2 protein chains.
Amino acid sequence: MGKREEKIASIIQHTTRLLVHEGVGGLSMRRVADLAEIRLSNLQYYFKDREALLKATVAHYFEQCKTDVLQSLPSSDTKEIKLESLLRETLQKGLVLGDTNEQCAMFREIWALSTRNTSIAALVKEYYQHYCQWLVQLMASYTPQPQLIVSLLMPYVEGYSVMGQALPLTKEEVIDLLVKTVLVVIDQ
Amino acid sequence: MGKREEKIASIIQHTTRLLVHEGVGGLSMRRVADLAEIRLSNLQYYFKDREALLKATVAHYFEQCKTDVLQSLPSSDTKEIKLESLLRETLQKGLVLGDTNEQCAMFREIWALSTRNTSIAALVKEYYQHYCQWLVQLMASYTPQPQLIVSLLMPYVEGYSVMGQALPLTKEEVIDLLVKTVLVVIDQ
DNA sequence: ACCTGAACACCGTTCAAGT
DNA sequence: ACCTGAACACCGTTCAAGT
């Protein structure tokens, strides 16, 4: 990694940290510059304005998520696992409440940013489309219409991160309900 | 409404407008003061800081949502409607993509704020809990376990607002899937 | 109780000037 | 190509001073 790449990596790393721990409101060009130990005007040489810095940071964050997800997905010898176990494990990992989770905090910031920034909105859409494709592949050996299962579970998991704490069911009850639901829908 | 109440209403109204149309980043005490045609220091007399203004605005927004929802919910002579029609209508209204919808824009801002503000997080949780209760009541005449249906649909609708545009199904296909799923789960 | 302006440290952006 | 500091308009908060 050359000097230039190292510097950019450091900038984006500190921007991500600020976004996660302080939110968009706590992110300023000057704080990033201080953390990265460069001058404000030098930071602006690499990212011409706040928007450019945010866009690059979000893009990099989704890249990270992508490698994380692809690593954590069960490997291709999955067919030996029962569908029910696969669903249970995936939901156990995926159903997370946003109050305690750093990734949820980042996603909430990104969702808010995407409302007013078409570049970031495009990154969000692209990421979710890829995510759907990976899950469709994963489910393909269990049902002729894996898109149905994915279309059922993906929005649910995202919505759960935002309001799951207000549901009348515990997480375990939710998982039971979802697993049962998916199995029943597949059998139809 | 007395002078004081009118002033506060005007302040909160302009704050809400700024939040929806410009996001948290576009909201400043000075802009609100200008829009409400008062001095910055006068605004600070009514809301001691930005956080207090945000909290009051979010509380007021949820109150609005509450009355909107309670009005739009089918009235108590609902039992004459078929469950399938009720689900279809509710989902047709509820499944909205965040890119085009002002309410979704506001909720995204609120979700992000709630990560770092426990008062706002409490308002969010309280609102969703009420929402769940209204829906449970609505579903109670169709199934002995209305919480299951609500726990299935509520997170889904919220998640759909955030990533529905990346799903491999159209909105109509999603509604068909959900309606079918709910009916099947009820029959179990 | 209600309203004001000045002062402070902080912010993003622009720009002319350096190496 | 890379880096700098100064200047600008804007920001939230504090506070002493008014009615």
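Chain letters run A, B, ... following the sequence lines, proteins first and then strands; every chain starts at 1. In this text the structure is predicted, and so the values were computed from the model without any measurement.
A straight line from CD1 of A:Ile8 to P of D:dA1 spans 14 Å, rounded to a whole angstrom. If you take CD of B:Glu6 and P of C:dC2, they are 14 Å apart, rounded to a whole angstrom. Distance CD1 (B:Ile38) to P (C:dT4): 8 Å, rounded to an integer number of Å. Nucleotide D:dC3 holds its C1' atom 10 Å from the CZ atom of A:Arg39, rounded to whole Å. One interatomic measurement links the two molecules: OH of A:Tyr45 to P of C:dG18, which rounds to 18 Å at whole-angstrom precision. Per the geometry, CG belonging to A:Asn42 stands 8 Å off C1' belonging to D:dT4, to the nearest Å.
Using C1' as the reference atom, C:dC3 and D:dA16 are 13 Å apart when rounded to the nearest Å. Rounded to the nearest Å, the gap between the C1' atom of D:dC10 and that of C:dA9 is 13 Å.
Hydrophobic clustering (side-chain heavy atoms under 4.5 Å, transitive across Ile, Leu, Val, Met, Phe, Trp, Tyr) keeps B:Val184 apart from A:Leu178.
Here the straight-line distance linking atom CD1 of B:Ile38 with atom CG of B:Leu43 works out to 5.0 Å at 0.5 Å rounding. For the atom pair A:Ile186 CD1 and A:Gln145 CD, the distance stands at 10.0 Å (nearest 0.5 Å).
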What are the atom names and distances for every N/O pair under 3.5 Å that joins the protein to nucleotides 10-14 of chain D?
{"from": "D:dC11", "atom 1": "OP1", "to": "B:Ser28", "atom 2": "OG", "distance (Å)": "3.1"}
{"from": "D:dG12", "atom 1": "OP1", "to": "B:Met29", "atom 2": "N", "distance (Å)": "2.7"}
{"from": "D:dG12", "atom 1": "OP2", "to": "B:Met29", "atom 2": "N", "distance (Å)": "2.9"}
{"from": "D:dG12", "atom 1": "OP2", "to": "B:Arg30", "atom 2": "N", "distance (Å)": "3.3"}
{"from": "D:dG12", "atom 1": "N7", "to": "B:Arg30", "atom 2": "NE", "distance (Å)": "3.3"}
{"from": "D:dG12", "atom 1": "N7", "to": "B:Arg30", "atom 2": "NH2", "distance (Å)": "2.6"}
{"from": "D:dG12", "atom 1": "O6", "to": "B:Arg30", "atom 2": "NH2", "distance (Å)": "2.5"}
{"from": "D:dT13", "atom 1": "OP2", "to": "B:Arg50", "atom 2": "N", "distance (Å)": "2.9"}

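Using the Watson-Crick or G-U wobble rule with both distances under 3.5 Å, C:dG12 pairs with D:dC8. With a cut-off of 3.5 Å on both pairing distances, the Watson-Crick or G-U wobble partner of D:dA1 is C:dT19.
Between A:Tyr127 and the options A:Phe62, A:Tyr61, A:Trp111, a ring pair (Phe, Tyr, Trp, His ring centres under 6.0 Å) holds for only A:Phe62.
When the side-chain nitrogen and oxygen atoms of A:Tyr46 are compared with OP1 and OP2 of D:dA1, none of them lie within a distance under 4.0 Å. Between B:Arg4 and C:dC2 there is a side-chain N or O to OP1 or OP2 distance below 4.0 Å.
The number of heavy atoms from other shown groups lying within 6.0 Å of CD (A:Glu51) does not exceed 12. Annotation for A:Lys171: atom NZ counts as buried by contact number, over 12 foreign heavy atoms lying within 6.0 Å.
For residues 35-49 of chain A, no pair satisfies salt bridge (Lys or Arg N to Asp or Glu O under 4.0 Å), with sequence neighbours left out.
Annotation: proximity of residues 109-123 of chain B to DNA chain D (heavy atom, distance under 4.0 Å) is found for no residue.
Here B:Lys7 lies in heavy-atom contact (under 4.0 Å) with sugar-phosphate atoms only.
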Practice prompt. Tell me, with the steps shown, if A:Leu19 and A:Leu54 meet side chain to side chain contact (heavy atoms under 4.5 Å, CB included).
Written response: CA-CA 9 Å; A:Leu19 267 182; A:Leu54 279 169; 4.0 Å; yes
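In summary, the side chains of A:Ser114 and B:Arg108 do present a donor paired with an acceptor at a separation below 3.5 Å, with no hydrogens or angles considered.
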